[in-house]
Amino acid sequence: MTHHLRSGLYDTSPLYQNAVLDLETAARVMDLNPGVLERLRMPKKAMCVSIPVRMDDGSVKTFEGYRVQHSTTLGPGKGGIRFHPEVNLSEVSALAMLMTMKCSLVGLPLGGAKGGIRVDPSQLSRAEQQALTRRFTMEIISMIGPEQDIPAPDVGTDGQHMAWMMDTYSMAKGHAVPGVVTGKPIEIGGSLGRPESTGRGVVYVIEHAIELLKKQNKANYSMKSMTAAVHGFGKVGAVAAHELAIRGCKVVAVSDFYGAIHNKNGLNVDEVQAYMNKNRTLKGYPNAEAISNEDLLALNVDILVPAAIDGVITKANMKNIKAKIISEGANGPITSEAQQYLEQNGCYIIPDILANAGGVIVSYFEWVQGLQQFFWNEKEVNEKLAEIMARAFNRVAGNAERYKTGMKTAALITSVERLSQAMLLRGLFP
Ligand code: NAD
(Lines give C-alpha, C1' and ligand atoms only; values in the text may rest on other atoms or scores of the structure.)
Protein backbone atom coordinates (compact mmCIF):
# COMPACT_ATOMS: atom_id res chain seq x y z
CA MET A 1 0.00 0.00 0.00
CA THR A 2 1.35 3.45 -0.89
CA HIS A 3 2.19 5.69 1.99
CA HIS A 4 0.45 9.03 1.88
CA LEU A 5 1.55 12.45 3.00
CA ARG A 6 0.23 13.10 6.47
CA SER A 7 -2.45 15.71 6.87
CA GLY A 8 -0.91 18.76 8.52
CA LEU A 9 -4.23 19.95 9.86
CA TYR A 10 -5.68 16.88 11.53
CA ASP A 11 -2.70 14.68 12.16
CA THR A 12 -1.06 16.43 15.11
CA SER A 13 -2.30 14.30 18.05
CA PRO A 14 -1.24 10.78 19.06
CA LEU A 15 -4.93 9.82 19.17
CA TYR A 16 -5.41 10.73 15.49
CA GLN A 17 -2.16 9.06 14.45
CA ASN A 18 -3.18 5.91 16.32
CA ALA A 19 -6.65 5.94 14.77
CA VAL A 20 -5.17 6.13 11.25
CA LEU A 21 -2.58 3.48 12.07
CA ASP A 22 -5.32 1.12 13.32
CA LEU A 23 -7.40 1.83 10.22
CA GLU A 24 -4.43 1.08 7.95
CA THR A 25 -3.81 -2.19 9.76
CA ALA A 26 -7.44 -3.23 9.29
CA ALA A 27 -7.35 -2.11 5.64
CA ARG A 28 -4.29 -4.28 5.00
CA VAL A 29 -5.79 -7.36 6.64
CA MET A 30 -9.16 -7.05 4.85
CA ASP A 31 -7.65 -5.82 1.56
CA LEU A 32 -9.77 -2.66 1.55
CA ASN A 33 -10.40 -0.64 -1.59
CA PRO A 34 -7.62 2.02 -1.49
CA GLY A 35 -10.03 4.80 -2.50
CA VAL A 36 -12.21 4.03 0.50
CA LEU A 37 -9.21 4.07 2.85
CA GLU A 38 -8.04 7.36 1.37
CA ARG A 39 -11.41 8.96 2.10
CA LEU A 40 -11.67 7.56 5.63
CA ARG A 41 -8.27 8.92 6.66
CA MET A 42 -9.69 12.43 6.91
CA PRO A 43 -12.86 14.03 8.26
CA LYS A 44 -15.54 15.28 5.89
CA LYS A 45 -15.96 18.68 7.50
CA ALA A 46 -14.56 20.61 10.47
CA MET A 47 -15.50 23.90 12.04
CA CYS A 48 -13.35 25.89 14.50
CA VAL A 49 -15.04 28.65 16.46
CA SER A 50 -14.10 31.21 19.11
CA ILE A 51 -16.56 31.50 21.96
CA PRO A 52 -16.52 34.71 23.98
CA VAL A 53 -18.13 34.43 27.41
CA ARG A 54 -18.92 37.16 29.92
CA MET A 55 -17.62 35.75 33.21
CA ASP A 56 -19.30 36.29 36.57
CA ASP A 57 -16.74 38.97 37.49
CA GLY A 58 -17.64 41.01 34.39
CA SER A 59 -14.51 40.15 32.37
CA VAL A 60 -14.67 38.44 28.96
CA LYS A 61 -12.88 35.17 28.26
CA THR A 62 -12.66 33.53 24.84
CA PHE A 63 -12.59 29.75 24.40
CA GLU A 64 -11.76 27.53 21.40
CA GLY A 65 -14.51 25.20 20.17
CA TYR A 66 -14.78 22.56 17.45
CA ARG A 67 -17.34 20.45 15.63
CA VAL A 68 -16.07 17.81 13.24
CA GLN A 69 -18.05 15.44 11.00
CA HIS A 70 -15.95 12.50 9.92
CA SER A 71 -18.55 10.75 7.75
CA THR A 72 -22.25 11.09 7.00
CA THR A 73 -22.46 8.20 4.54
CA LEU A 74 -24.70 6.07 6.75
CA GLY A 75 -26.79 8.91 8.20
CA PRO A 76 -26.56 12.12 10.24
CA GLY A 77 -23.32 12.75 12.12
CA LYS A 78 -23.42 11.52 15.72
CA GLY A 79 -21.01 12.23 18.54
CA GLY A 80 -20.48 13.87 21.90
CA ILE A 81 -19.41 17.33 23.00
CA ARG A 82 -16.36 17.31 25.27
CA PHE A 83 -15.40 20.04 27.74
CA HIS A 84 -11.77 19.39 28.69
CA PRO A 85 -8.61 21.53 28.87
CA GLU A 86 -6.77 19.28 26.35
CA VAL A 87 -9.39 19.44 23.56
CA ASN A 88 -7.98 20.32 20.13
CA LEU A 89 -8.95 19.92 16.47
CA SER A 90 -6.86 16.80 15.96
CA GLU A 91 -8.25 15.00 19.01
CA VAL A 92 -11.83 15.90 18.12
CA SER A 93 -11.23 14.68 14.54
CA ALA A 94 -9.89 11.36 15.81
CA LEU A 95 -12.90 10.94 18.10
CA ALA A 96 -15.21 11.74 15.16
CA MET A 97 -13.51 8.97 13.17
CA LEU A 98 -14.05 6.52 16.05
CA MET A 99 -17.75 7.49 16.06
CA THR A 100 -18.07 6.64 12.36
CA MET A 101 -16.55 3.25 13.06
CA LYS A 102 -18.69 2.66 16.15
CA CYS A 103 -22.01 3.50 14.48
CA SER A 104 -21.18 1.35 11.48
CA LEU A 105 -19.99 -1.53 13.67
CA VAL A 106 -23.24 -1.78 15.62
CA GLY A 107 -25.37 -1.21 12.52
CA LEU A 108 -26.89 2.20 13.25
CA PRO A 109 -28.11 4.51 10.45
CA LEU A 110 -25.74 7.23 11.70
CA GLY A 111 -22.41 8.74 10.72
CA GLY A 112 -19.59 9.94 12.94
CA ALA A 113 -18.95 13.36 14.46
CA LYS A 114 -17.54 14.95 17.61
CA GLY A 115 -17.25 18.36 19.20
CA GLY A 116 -15.52 20.01 22.06
CA ILE A 117 -14.43 23.11 23.86
CA ARG A 118 -10.95 23.62 25.29
CA VAL A 119 -11.97 24.44 28.84
CA ASP A 120 -11.81 23.07 32.37
CA PRO A 121 -15.51 23.12 33.28
CA SER A 122 -14.77 22.69 36.99
CA GLN A 123 -13.37 26.26 36.90
CA LEU A 124 -16.62 27.75 35.53
CA SER A 125 -19.83 28.58 37.40
CA ARG A 126 -23.14 27.17 36.21
CA ALA A 127 -24.05 30.52 34.61
CA GLU A 128 -20.69 30.68 32.78
CA GLN A 129 -21.13 27.09 31.54
CA GLN A 130 -24.60 27.92 30.28
CA ALA A 131 -23.35 31.01 28.41
CA LEU A 132 -20.47 28.98 26.93
CA THR A 133 -22.77 26.15 25.80
CA ARG A 134 -25.37 28.46 24.26
CA ARG A 135 -22.88 30.61 22.35
CA PHE A 136 -21.07 27.49 21.11
CA THR A 137 -24.39 26.04 19.89
CA MET A 138 -25.14 29.25 18.00
CA GLU A 139 -21.68 29.29 16.40
CA ILE A 140 -22.01 25.71 15.08
CA ILE A 141 -25.75 25.92 14.29
CA SER A 142 -25.26 25.59 10.54
CA MET A 143 -23.65 22.19 11.07
CA ILE A 144 -26.06 20.53 13.51
CA GLY A 145 -29.69 19.37 13.33
CA PRO A 146 -31.76 16.18 13.69
CA GLU A 147 -31.14 15.23 10.06
CA GLN A 148 -27.61 16.58 9.88
CA ASP A 149 -25.56 16.06 13.00
CA ILE A 150 -26.72 15.21 16.52
CA PRO A 151 -24.50 16.00 19.55
CA ALA A 152 -24.57 14.17 22.92
CA PRO A 153 -22.72 14.40 26.26
CA ASP A 154 -19.08 13.37 26.58
CA VAL A 155 -16.29 14.08 29.07
CA GLY A 156 -17.18 17.15 31.14
CA THR A 157 -20.76 17.53 29.82
CA ASP A 158 -24.09 16.01 30.84
CA GLY A 159 -27.86 16.21 30.33
CA GLN A 160 -27.98 19.83 31.49
CA HIS A 161 -25.59 20.91 28.71
CA MET A 162 -27.74 19.00 26.20
CA ALA A 163 -30.86 20.77 27.53
CA TRP A 164 -29.18 24.18 26.95
CA MET A 165 -28.10 23.12 23.45
CA MET A 166 -31.60 21.90 22.62
CA ASP A 167 -33.16 25.13 23.93
CA THR A 168 -30.73 27.38 22.03
CA TYR A 169 -31.28 25.47 18.78
CA SER A 170 -35.07 25.52 19.32
CA MET A 171 -35.06 29.27 19.99
CA ALA A 172 -33.28 29.85 16.68
CA LYS A 173 -35.74 27.62 14.78
CA GLY A 174 -38.85 29.02 16.50
CA HIS A 175 -40.16 25.67 17.78
CA ALA A 176 -38.97 22.83 20.03
CA VAL A 177 -36.51 20.52 18.26
CA PRO A 178 -35.68 17.76 20.76
CA GLY A 179 -34.06 15.61 18.04
CA VAL A 180 -31.07 17.95 17.72
CA VAL A 181 -29.28 16.33 20.69
CA THR A 182 -29.40 13.06 22.64
CA GLY A 183 -28.54 12.39 26.27
CA LYS A 184 -31.26 14.89 27.23
CA PRO A 185 -32.97 14.80 30.63
CA ILE A 186 -36.14 12.62 30.58
CA GLU A 187 -38.42 15.66 31.04
CA ILE A 188 -37.51 17.06 27.62
CA GLY A 189 -37.43 13.86 25.61
CA GLY A 190 -34.51 11.86 26.97
CA SER A 191 -34.55 8.06 27.00
CA LEU A 192 -34.74 5.90 30.08
CA GLY A 193 -31.50 3.98 30.49
CA ARG A 194 -29.39 6.45 28.48
CA PRO A 195 -27.18 7.62 31.39
CA GLU A 196 -26.33 4.01 32.31
CA SER A 197 -26.11 2.65 28.76
CA THR A 198 -22.38 3.02 28.10
CA GLY A 199 -21.27 1.54 31.43
CA ARG A 200 -23.75 -1.31 31.07
CA GLY A 201 -22.50 -2.12 27.58
CA VAL A 202 -18.89 -2.13 28.81
CA VAL A 203 -19.85 -4.93 31.23
CA TYR A 204 -22.12 -6.85 28.80
CA VAL A 205 -19.13 -7.36 26.50
CA ILE A 206 -16.96 -8.56 29.39
CA GLU A 207 -19.60 -11.24 30.03
CA HIS A 208 -19.54 -12.20 26.35
CA ALA A 209 -15.72 -12.37 26.44
CA ILE A 210 -15.77 -14.66 29.49
CA GLU A 211 -18.26 -16.96 27.73
CA LEU A 212 -16.25 -17.01 24.51
CA LEU A 213 -12.95 -17.73 26.26
CA LYS A 214 -14.65 -20.64 28.01
CA LYS A 215 -16.11 -21.96 24.74
CA GLN A 216 -12.69 -21.74 23.08
CA ASN A 217 -11.10 -23.57 26.04
CA LYS A 218 -8.75 -20.63 26.53
CA ALA A 219 -9.78 -19.72 30.08
CA ASN A 220 -12.45 -20.62 32.57
CA TYR A 221 -13.28 -17.37 34.34
CA SER A 222 -16.33 -16.56 36.39
CA MET A 223 -17.27 -12.98 37.21
CA LYS A 224 -17.86 -14.00 40.84
CA SER A 225 -14.25 -14.96 41.41
CA MET A 226 -12.71 -12.03 39.53
CA THR A 227 -11.29 -8.69 40.61
CA ALA A 228 -11.51 -5.41 38.70
CA ALA A 229 -10.08 -1.90 38.61
CA VAL A 230 -11.87 1.01 36.94
CA HIS A 231 -9.88 4.05 35.75
CA GLY A 232 -12.17 7.11 35.74
CA PHE A 233 -15.22 7.13 38.00
CA GLY A 234 -17.37 9.32 35.73
CA LYS A 235 -20.54 8.69 33.73
CA VAL A 236 -19.08 5.53 32.16
CA GLY A 237 -16.72 4.27 34.88
CA ALA A 238 -19.09 4.62 37.83
CA VAL A 239 -21.82 2.63 36.08
CA ALA A 240 -19.33 -0.01 34.90
CA ALA A 241 -18.07 -0.40 38.48
CA HIS A 242 -21.64 -0.77 39.73
CA GLU A 243 -22.55 -3.32 37.03
CA LEU A 244 -19.42 -5.36 37.81
CA ALA A 245 -20.18 -5.30 41.53
CA ILE A 246 -23.79 -6.46 41.15
CA ARG A 247 -22.51 -9.45 39.16
CA GLY A 248 -20.33 -10.46 42.11
CA CYS A 249 -17.02 -9.17 40.75
CA LYS A 250 -14.77 -7.60 43.39
CA VAL A 251 -14.05 -3.99 42.38
CA VAL A 252 -10.81 -3.25 44.23
CA ALA A 253 -9.93 0.20 42.83
CA VAL A 254 -11.49 3.20 41.10
CA SER A 255 -10.10 6.65 40.27
CA ASP A 256 -10.79 10.18 39.14
CA PHE A 257 -8.63 13.00 37.81
CA TYR A 258 -7.09 13.58 41.26
CA GLY A 259 -6.04 9.98 42.07
CA ALA A 260 -7.26 6.47 42.86
CA ILE A 261 -8.59 4.56 45.86
CA HIS A 262 -7.78 0.92 46.53
CA ASN A 263 -9.16 -1.73 48.88
CA LYS A 264 -7.98 -5.28 48.24
CA ASN A 265 -11.08 -6.70 49.94
CA GLY A 266 -13.30 -4.88 47.46
CA LEU A 267 -14.85 -1.42 47.53
CA ASN A 268 -18.49 -0.80 48.38
CA VAL A 269 -19.32 0.85 45.05
CA ASP A 270 -22.60 2.36 46.25
CA GLU A 271 -20.83 3.94 49.19
CA VAL A 272 -18.10 5.28 46.88
CA GLN A 273 -20.80 6.72 44.61
CA ALA A 274 -22.49 8.45 47.55
CA TYR A 275 -19.12 9.91 48.62
CA MET A 276 -18.51 11.10 45.04
CA ASN A 277 -21.97 12.70 44.79
CA LYS A 278 -21.34 14.59 48.00
CA ASN A 279 -17.69 15.59 47.56
CA ARG A 280 -17.38 15.63 43.73
CA THR A 281 -14.07 13.76 44.10
CA LEU A 282 -12.85 10.44 45.51
CA LYS A 283 -10.10 12.21 47.41
CA GLY A 284 -10.36 11.56 51.13
CA TYR A 285 -12.64 8.50 50.79
CA PRO A 286 -12.22 6.78 54.17
CA ASN A 287 -12.50 3.00 53.58
CA ALA A 288 -9.60 2.62 51.16
CA GLU A 289 -5.98 3.42 50.59
CA ALA A 290 -5.10 6.35 48.31
CA ILE A 291 -2.94 5.34 45.34
CA SER A 292 -2.05 7.06 42.04
CA ASN A 293 -3.80 6.57 38.71
CA GLU A 294 -0.63 4.87 37.42
CA ASP A 295 -0.70 2.45 40.37
CA LEU A 296 -4.32 1.58 39.60
CA LEU A 297 -3.49 0.62 36.00
CA ALA A 298 -0.69 -1.65 37.24
CA LEU A 299 -2.75 -3.51 39.86
CA ASN A 300 -2.82 -7.29 39.75
CA VAL A 301 -6.51 -7.55 38.76
CA ASP A 302 -8.38 -9.78 36.32
CA ILE A 303 -10.42 -7.02 34.66
CA LEU A 304 -9.32 -3.49 33.86
CA VAL A 305 -11.77 -0.86 32.61
CA PRO A 306 -10.02 2.30 31.42
CA ALA A 307 -12.99 4.71 31.41
CA ALA A 308 -11.44 8.17 31.79
CA ILE A 309 -9.60 9.53 28.80
CA ASP A 310 -7.46 8.51 25.80
CA GLY A 311 -3.79 7.54 25.77
CA VAL A 312 -3.46 6.14 29.30
CA ILE A 313 -1.89 2.79 28.39
CA THR A 314 1.16 3.43 26.23
CA LYS A 315 4.64 2.16 25.49
CA ALA A 316 5.75 3.74 28.76
CA ASN A 317 3.54 1.62 31.06
CA MET A 318 2.32 -1.33 28.94
CA LYS A 319 4.73 -3.73 30.64
CA ASN A 320 3.16 -2.97 34.04
CA ILE A 321 -0.35 -4.03 33.00
CA LYS A 322 -1.41 -7.34 34.54
CA ALA A 323 -5.13 -7.52 33.71
CA LYS A 324 -6.37 -10.52 31.72
CA ILE A 325 -9.36 -8.75 30.17
CA ILE A 326 -9.52 -5.05 29.29
CA SER A 327 -12.81 -3.47 28.25
CA GLU A 328 -12.18 -0.01 26.79
CA GLY A 329 -14.79 2.26 28.34
CA ALA A 330 -12.98 5.38 27.18
CA ASN A 331 -12.26 6.18 23.56
CA GLY A 332 -8.67 5.33 22.61
CA PRO A 333 -7.27 4.58 26.09
CA ILE A 334 -4.66 2.14 24.69
CA THR A 335 -2.18 3.20 21.99
CA SER A 336 -1.69 0.91 18.97
CA GLU A 337 1.76 -0.15 20.14
CA ALA A 338 0.59 -1.01 23.67
CA GLN A 339 -2.41 -2.89 22.29
CA GLN A 340 -0.20 -5.09 20.11
CA TYR A 341 2.15 -5.77 23.00
CA LEU A 342 -0.66 -6.67 25.41
CA GLU A 343 -2.49 -8.90 22.90
CA GLN A 344 0.74 -10.75 22.13
CA ASN A 345 1.06 -11.35 25.86
CA GLY A 346 -2.37 -12.95 26.12
CA CYS A 347 -4.45 -10.00 27.26
CA TYR A 348 -7.99 -10.01 25.84
CA ILE A 349 -8.82 -6.44 24.77
CA ILE A 350 -12.40 -5.47 23.94
CA PRO A 351 -11.93 -2.37 21.80
CA ASP A 352 -13.62 0.98 22.43
CA ILE A 353 -15.80 1.04 19.31
CA LEU A 354 -17.41 -2.18 20.56
CA ALA A 355 -17.10 -1.91 24.34
CA ASN A 356 -18.45 1.62 24.75
CA ALA A 357 -21.02 1.54 21.93
CA GLY A 358 -23.89 1.24 24.43
CA GLY A 359 -24.10 5.02 24.70
CA VAL A 360 -24.59 5.70 21.03
CA ILE A 361 -26.98 2.76 20.72
CA VAL A 362 -29.32 4.20 23.35
CA SER A 363 -28.74 7.70 21.90
CA TYR A 364 -30.08 6.22 18.68
CA PHE A 365 -33.09 4.82 20.62
CA GLU A 366 -33.65 8.29 22.10
CA TRP A 367 -33.58 9.87 18.63
CA VAL A 368 -36.03 7.24 17.29
CA GLN A 369 -38.38 7.62 20.29
CA GLY A 370 -38.28 11.42 19.84
CA LEU A 371 -39.07 11.23 16.13
CA GLN A 372 -42.04 8.93 16.83
CA GLN A 373 -43.08 10.71 20.04
CA PHE A 374 -43.49 7.22 21.50
CA PHE A 375 -41.40 6.35 24.55
CA TRP A 376 -40.26 2.92 25.72
CA ASN A 377 -39.84 1.63 29.27
CA GLU A 378 -36.37 0.92 30.66
CA LYS A 379 -36.74 -2.85 30.31
CA GLU A 380 -37.37 -2.48 26.57
CA VAL A 381 -34.40 -0.14 26.23
CA ASN A 382 -32.05 -2.49 28.08
CA GLU A 383 -33.24 -5.60 26.21
CA LYS A 384 -32.76 -3.93 22.83
CA LEU A 385 -29.35 -2.63 23.95
CA ALA A 386 -28.23 -6.08 25.11
CA GLU A 387 -29.41 -7.63 21.83
CA ILE A 388 -27.46 -5.18 19.63
CA MET A 389 -24.33 -5.45 21.79
CA ALA A 390 -24.45 -9.27 21.65
CA ARG A 391 -24.86 -9.26 17.87
CA ALA A 392 -21.96 -6.80 17.45
CA PHE A 393 -19.72 -8.83 19.80
CA ASN A 394 -20.42 -12.01 17.85
CA ARG A 395 -19.74 -10.39 14.49
CA VAL A 396 -16.42 -9.01 15.77
CA ALA A 397 -15.43 -12.32 17.39
CA GLY A 398 -16.32 -14.05 14.09
CA ASN A 399 -14.07 -11.70 12.13
CA ALA A 400 -11.28 -12.15 14.70
CA GLU A 401 -11.37 -15.90 13.90
CA ARG A 402 -11.80 -15.45 10.17
CA TYR A 403 -8.92 -12.98 9.81
CA LYS A 404 -6.78 -14.40 12.67
CA THR A 405 -6.47 -11.00 14.35
CA GLY A 406 -7.14 -9.46 17.74
CA MET A 407 -10.51 -7.94 18.57
CA LYS A 408 -9.38 -4.37 17.77
CA THR A 409 -8.55 -5.03 14.15
CA ALA A 410 -11.56 -7.34 13.86
CA ALA A 411 -13.87 -4.58 15.12
CA LEU A 412 -12.51 -2.11 12.59
CA ILE A 413 -12.85 -4.67 9.80
CA THR A 414 -16.46 -5.30 10.81
CA SER A 415 -17.33 -1.63 10.69
CA VAL A 416 -15.35 -0.81 7.55
CA GLU A 417 -16.99 -3.75 5.70
CA ARG A 418 -20.41 -2.17 6.13
CA LEU A 419 -19.24 1.39 5.60
CA SER A 420 -17.23 0.69 2.46
CA GLN A 421 -20.18 -1.16 0.89
CA ALA A 422 -22.36 1.88 1.54
CA MET A 423 -19.71 4.26 0.19
CA LEU A 424 -19.21 2.25 -2.98
CA LEU A 425 -22.98 1.94 -3.54
CA ARG A 426 -23.52 5.67 -3.11
CA GLY A 427 -20.53 6.48 -5.30
CA LEU A 428 -18.48 9.65 -5.46
CA PHE A 429 -20.16 13.03 -6.02
CA PRO A 430 -20.11 14.63 -8.58
P1 NAD B 1 -16.93 12.00 32.64
O2 NAD B 1 -16.46 13.39 32.52
O3 NAD B 1 -18.27 11.72 33.21
O4 NAD B 1 -15.87 11.13 33.48
C5 NAD B 1 -14.51 11.13 33.23
C6 NAD B 1 -13.79 10.60 34.47
O7 NAD B 1 -12.40 10.50 34.20
C8 NAD B 1 -13.91 11.50 35.69
O9 NAD B 1 -13.95 10.68 36.84
C10 NAD B 1 -12.61 12.30 35.66
O11 NAD B 1 -12.23 12.77 36.94
C12 NAD B 1 -11.65 11.26 35.14
N13 NAD B 1 -10.47 11.80 34.45
C14 NAD B 1 -10.40 12.82 33.54
N15 NAD B 1 -9.14 13.01 33.13
C16 NAD B 1 -8.39 12.08 33.77
C17 NAD B 1 -7.02 11.76 33.78
N18 NAD B 1 -6.16 12.47 33.04
N19 NAD B 1 -6.60 10.73 34.58
C20 NAD B 1 -7.48 10.04 35.34
N21 NAD B 1 -8.79 10.30 35.37
C22 NAD B 1 -9.23 11.31 34.61
O23 NAD B 1 -16.80 11.39 31.17
P24 NAD B 1 -17.48 10.07 30.59
O25 NAD B 1 -18.68 10.46 29.81
O26 NAD B 1 -17.57 9.02 31.64
O27 NAD B 1 -16.40 9.63 29.50
C28 NAD B 1 -15.25 8.87 29.81
C29 NAD B 1 -14.69 8.26 28.53
O30 NAD B 1 -15.69 7.45 27.92
C31 NAD B 1 -14.29 9.27 27.45
O32 NAD B 1 -13.19 8.74 26.74
C33 NAD B 1 -15.51 9.32 26.56
O34 NAD B 1 -15.22 9.75 25.24
C35 NAD B 1 -15.92 7.86 26.60
N36 NAD B 1 -17.31 7.59 26.23
C37 NAD B 1 -18.34 8.15 26.91
C38 NAD B 1 -19.65 7.85 26.57
C39 NAD B 1 -20.82 8.37 27.34
O40 NAD B 1 -21.94 7.93 27.07
N41 NAD B 1 -20.65 9.26 28.30
C42 NAD B 1 -19.90 6.99 25.49
C43 NAD B 1 -18.84 6.43 24.82
C44 NAD B 1 -17.54 6.74 25.20
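No hydrogens, no waters, no symmetry mates; every other heavy atom, side chains included, goes into these values. Order of appearance sets the numbers: ligands from 1, and atoms from 1 within every ligand.
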At less than 4.0 angstrom from any non-hydrogen atom of R82, what atoms of ligand 1 do you find? 31 (C), 32 (O), 33 (C), 34 (O)
If you measure from atom 14 (C) of ligand 1 to every heavy atom of F257, F83, Y258, which option wins on shortest distance? F257
Check the orientation of W367 and Y364. Use parallel for under 30°, tilted for 30 to 60°, and perpendicular for over 60°. tilted
Given Q17 and T12, is the side chain to side chain contact (heavy atoms under 4.5 Å, CB included) satisfied, shown in steps? CA-CA 7 Å; Q17 290 159 10; T12 56; 5.7 Å; no
Give the numbers and elements of all ligand 1 atoms closer than 4.0 Å to a heavy atom of D256. 9 (O), 11 (O), 20 (C), 21 (N)
As an exercise, identify every atom of ligand 1 less than 4.0 angstrom from a heavy atom of R194. 40 (O)
Proximal ligand 1 atoms for H231, defined as those under 4.0 Å from one of its heavy atoms: 20 (C)
May I ask you to identify the nearest protein heavy atom to atom 9 (O) of ligand 1, giving residue, atom name and distance to one decimal place in Å? F233 N, 3.3 Å
heavy-atom search around atom 2 (O) of ligand 1 in the protein gives G156 N, 3.1 Å
Counting only heavy atoms not in F63, do more than 12 fall under 6.0 Å of its CZ? yes
Spell out, as yes or no, whether a donor-acceptor pair under 3.5 Å connects the side chain of K78 to the backbone of S363. no
Donor-acceptor check, side chain of R247 to backbone of E243, threshold 3.5 angstrom: yes or no? yes
Nearest-contact summary for atom 23 (O) of ligand 1 - protein heavy atom, Å: V155 CA, 3.5 Å
Would E378 and R200 pass as an ion pair if we require N to O under 4.0 Å? yes
Option of least heavy-atom distance to atom 20 (C) of ligand 1 (set: D310, L297, N293, I353): N293
Starting from atom 1 (P) of ligand 1, what is the nearest protein heavy atom, named by residue and atom, and what distance separates them? K235 NZ, 3.6 Å
Y221: which residues meet the ring pair (Phe, Tyr, Trp, His ring centres under 6.0 Å) condition with it, sequence neighbours left out? none
Residue A330 vicinity, atoms of ligand 1 by number, heavy atom under 4.0 Å: 29 (C), 30 (O), 32 (O), 35 (C)
Residue, atom and distance of the protein heavy atom nearest atom 33 (C) of ligand 1 read D154 OD1, 3.2 Å
For atom 39 (C) of ligand 1, what is the closest protein heavy atom, and at what distance to 0.1 Å? T198 OG1, 3.5 Å
Does ligand 1 come near enough to S255 that some N or O of the ligand is less than 3.5 Å from an N or O of the residue? no
Looking only at protein heavy atoms, which one is nearest to atom 26 (O) of ligand 1, and what is the separation? V236 N, 2.9 Å
Salt-bridge present (K408, E343; N to O < 4.0 Å): no
What do we get for A307 next to ligand 1 when only non-hydrogen atoms under 4.0 Å count, side chain, backbone, both or neither? backbone
Taking D149 first and then R67, would you say they form a salt bridge - that is, a charged N and a carboxylate O separated by under 4.0 Å? yes
For A241 versus V251, what's the shortest heavy-atom pair and its separation? O-CG2, 3.7 Å
Look at atom CD of E147 and say whether more than 12 heavy atoms of other residues, nucleotides or ligands are closer to it than 6.0 Å. no
Might you point out which heavy atoms bring W376 and V381 nearest each other, and give the distance in Å? CE3-CG2, 4.1 Å
shortest atom 32 (O) of ligand 1-to-protein heavy-atom contact is with N331 N, 3.1 Å
Looking only at distances, can you tell me whether any N or O atom of M276, backbone or side chain, sits closer than 3.5 Å to an N or O atom of ligand 1? no
Using a 3.5 Å cut-off on N or O atoms only, is N356 in polar contact with ligand 1? no
